[in-house]
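Structure, as structure tokens:
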Amino acid sequence: MTEISQTSLPIGRGLRGRCPRCGEGKLFTGFLNLRPRCEHCGLDYNFADAGDGPAVFVILIGGFIVVFAALVTEMLYQPPYWVHAALWLPLILIVTLAPLRPIKGLLIALQYHHKAAEGRVERRGDV
Ligand SMILES: [Zn+2]
């Protein structure tokens, strides 16, 4: 019986920045640039187009975390503005840059897994 580990699933492969098909080859060549193909199994990454998806998720999730923390801090302590700047500017960098690459890898892995592509018009009789 074959055991499937969490890292072999498309979600784990995407979060780790690995090839969505084999889970071994690297997906990225830079911080967010994709390699042309998997160096392990040869999967062509031309299908991959996460678009603005990673940025939208980062903005929504990171924005909620920072705004919620800033509001709670203001209501409880009313610190001077320089304290807010010292606290939230570094936090903004952390909550936006850290998850960007894993989220992009996740969206590409899910795109591959679900065979998502642009919509096409099919005429009757086309199979
Ligand atoms: Zn591969």
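Treat the numbers as computed from the prediction; the structure is a model and nothing was measured. Heavy atoms only: backbone and side chains are in, while hydrogens, waters and symmetry mates are out. First listed ligand is number 1; within each ligand, the first listed atom is number 1.
We find the CZ-CZ distance between Arg21 and Arg13 to be 10.5 Å, quoted to the nearest 0.5 Å. For the atom pair CG (Leu15) and CD1 (Ile11), the distance works out to 7.5 Å, reported to the nearest 0.5 Å. Distance CG/Asp49 to CG/Leu34: 9.5 Å, rounded to 0.5 Å.
Using a 4.5 Å heavy-atom threshold, the side chains of Pro20 and Leu27 count as touching.
For OH of Tyr45, the number of neighbouring non-hydrogen atoms (other residues, nucleotides, ligands) closer than 6.0 Å is greater than 12.
Applying the side-chain hydrogen bond (donor to acceptor under 3.5 Å, both in side chains) definition to pairs two or more places apart or across chains, those involving residues 84-96 are Glu74-His84, His84-Trp88.
Sorted by chain and number, the protein atoms of type N, O or S within less than 2.8 Å of the Zn ion (ligand 1) are Cys19 SG, Cys22 SG, Cys38 SG, Cys41 SG.
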